[in-house]
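Right, one structure below, let's go through it.
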Amino acid sequence: MTTPAPDHESTAAPVEPHRVLVLNSGSSSVKYQLLDMRDRSRLASGLVERIGEETSRLVHTPMAGGGDGPRERTGRMADHGAALRAAAEELTADGLGLDSPELAAIGHRVVHGGLRFTAPTVVTDEVLKEIERLVPVAPLHNPANITGIRTARALRPDLPQVAVFDTAFHTTMPEAAARYAIDVETADAHRIRRYGFHGTSHAYVSRRTAELLGKAPEDVNVIVLHLGNGASASAVAGGRCVETSMGLTPLEGLVMGTRSGDIDPAVTFHLKRVAGMSADEIDVLLNKRSGLVGLCGDNDMREIRRRIDEGDERATLAFDIYIHRLKKYIGAYAAVLGRVDAVAFTAGVGENSAPVREAAIAGLEGFGLAVDAGLNARRSGEPRLISPEHARVAVAVVPTDEELEIADQTFALVAPDAGQLDN
């Protein structure tokens with residue numbers, strides 16, 4: 001009797017889904033990263049920009065196995081569907097196609113989750129409707145995020161799509177911090193309150209700062225300064241946000257690249273009455289023609305520092321105003337927290353501008369804060385301390401990784417047993 005040959009197809013172990021695709025869909029762009037969650041490594045990343053224009057551009061960078069460097073394609077991509085299909089083709093060319101059984105989920109950055117979404121959420125039709133209901137409080141961001149989700153669902157309707165919300169980390173703020181002092185009925189009717197943004201960054205950096213100190217997040221109080229073109233601060237007590245600088249919109253708080261940050265609300269009435277400006281014109285002024293660019297014509301901190309070195313007075317004043325606002329928030333959040341274990345700088349300016357870090361901490365010795373000049377000047381892509389040894393409060397530089405945070409939250413939701421989809 002002949003023994004039949006083994007059936008390799010039927011006995012092969014099933015593929016365990018372990019990859020997450022992270023999508024960040026803007027109004028005319030899509031950023032993406034594909035990660036292997038077994039070791040949290042990046043397999044590929046890319047950017048599609050100028051969607052809907054004649055000169056759309058996709059830059060795709062394979063990272064697994066060394067790769068051959070970035071690949072670029074140009075030509076009209078009429079909508080987000082075309083953009084994502086082009087990205088999928090590039091991933092397929094690397095053997096990382098969206099049809100792979102190794103893909104566990106697609107994680108989407110969604111800017112505004114309101115009060116309902118306090119954690120990453122698998123997207124259903126009802127969830128998508130609720131995100132749509134939040135469009136009035138995030139008109140520039142949520143529509144693009146929704147488009148990305150719909151497109152990805154069409155490409156892989158069988159795959160979990162997970163929304164990770166910028167606002168979720170800040171939903172732990174107490175009402176005393178989240179409420180504006182306006183008529184309660186009016187505020188509730190129109191969802192007016194302080195939501196905060198950059199939440200994935202603040203969550204990631206506060207946790208990594210605790211690790212840097214060799215402590216559990218619940219044992220550490222951190223002031224996180226996310227300083228990019230958009231900038232925000234947060235006070236994190238034991239892993240929970242208790243205060244943040246951005247409010248109903250990303251306009252409130254710190255001086256930013258093109259946004260004013262904190263301003264007397266009556267300025268808007270004054271501009272309408274005296275300058276005859278419309279609501280839309282004031283919106284553009286405060287969001288796109290203010291901040292550093294409004295003060296000195298530049299929103300690139302490197303260029304501002306170059307101009308300061310050449311004696312430019314407008315650049316110097318812009319820098320001083322930027323730093324003054326930072327100091328106010330550090331002091332305020334020290335008061336909110338009561339005990340500060342660390343101040344962490346992150347994002348483009350926070351990670352790369354030693355002069356900003358030095359100036360922001362200078363004069364705060366009474367709070368136990370100081371910067372070691374040598375450590376501060378040293379460049380590194382790794383989390384590091386820049387405060388003197390034995391400083392009462394640690395000062396850290398912690399590179400943010402919002403894509404990894406989104407991937408982590410997505411994978412934890414769909415594969416809570418580290419590899420098996422939660423059915």
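FYI, side chains are in, hydrogens and waters are out, and symmetry mates aren't considered; it's all heavy atoms of this structure.
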Practice task
Could you walk me through whether D39 and S41 pass the side-chain hydrogen bond (donor to acceptor under 3.5 Å, both in side chains) test, one step at a time?
Solution key: CA-CA 5 Å; D39 59 3; S41 63; 2.7 Å; yes
Handout entry: Steps toward side-chain contact (heavy atoms from CB on, under 4.5 Å) verdict (T124, V127)
Key = CA-CA 5 Å; T124 62; V127 167; 3.4 Å; yes
Practice task
Apply side-chain hydrogen bond (donor to acceptor under 3.5 Å, both in side chains) to D94 and H60, showing your working.
Solution key: CA-CA 10 Å; D94 297 328; H60 174 86; 2.6 Å; yes
Practice task
Any chance you could lay out the side-chain hydrogen bond (donor to acceptor under 3.5 Å, both in side chains) test for D262 and Y329, step after step, and finish with the verdict?
Solution key: CA-CA 11 Å; D262 292 339; Y329 270 88; 2.6 Å; yes
Practice task
Please report the C-alpha distance between H226 and T346 in whole Å, then the side-chain angles of each, then the deciding distance to 0.1 Å, and finally whether the side-chain hydrogen bond (donor to acceptor under 3.5 Å, both in side chains) criterion is met.
Solution key: CA-CA 5 Å; H226 177 107; T346 194; 5.3 Å; no
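When every heavy atom of L286 is checked against every heavy atom of L251, the shortest pair comes out as O-CD1, 3.3 Å.
Stacking of R193 on the aromatic ring of Y180 is not recorded, the 6.0 Å distance cut-off and the 45° axial limit not both being met.
Here D36 pairs with R38 in a salt bridge; the nearest charged N to carboxylate O distance falls below 4.0 Å. A salt bridge links R194 to E252: at least one charged side-chain nitrogen sits closer than 4.0 Å to a carboxylate oxygen. Comment: D125 engages R153 in a salt bridge, judged by a side-chain N to carboxylate O separation of less than 4.0 angstrom. Ion pair E130/R191 flagged as a salt bridge, since at least one NZ, NE, NH1 or NH2 atom sits closer than 4.0 Å to an Asp/Glu carboxylate oxygen. We find that E132 and K129 are not joined by a salt bridge, their nearest charged nitrogen and carboxylate oxygen being 4.0 Å or further apart. A salt bridge links E405 with R207: at least one charged nitrogen is closer than 4.0 Å to a carboxylate oxygen. A salt bridge links R71 to E90: one of the charged nitrogens lies within less than 4.0 Å of a carboxylate oxygen. Ion pairing between a basic and an acidic side chain is recognised when a charged N comes within 4.0 Å of a carboxylate O; R325 and D320 show no such pairing.
R392 is linked by a salt bridge (Lys or Arg N to Asp or Glu O under 4.0 Å) to nothing, counting only residues two or more places apart in sequence or in another chain.
Screening M301, R307, R305 for a side-chain contact (heavy atoms from CB on, under 4.5 Å) with E303, the sole residue that qualifies is R307. None of T400, I406, D401 except one satisfies the side-chain contact (heavy atoms from CB on, under 4.5 Å) rule with E403; the exception is D401.
By the 30° and 60° cut-offs, the orientation of the rings of F319 relative to Y322 is parallel.
Between the side chains of H198 and S232, at least one donor-acceptor pair of N or O atoms lies under 3.5 Å.
Taking the centre of each ring, H112 and F197 come in below the 6.0 Å mark. Under the 6.0 Å cut-off for aromatic ring centres, H170 and Y195 do not qualify, their centroids lying 6.0 Å or more apart.
Judged by distance alone, the side chain of T172 and the main-chain N or O of C241 form a donor-acceptor pair under 3.5 Å. Of the possible donor and acceptor atoms, none in the side chain of T121 sits under 3.5 Å from a partner among the backbone N and O of F117.
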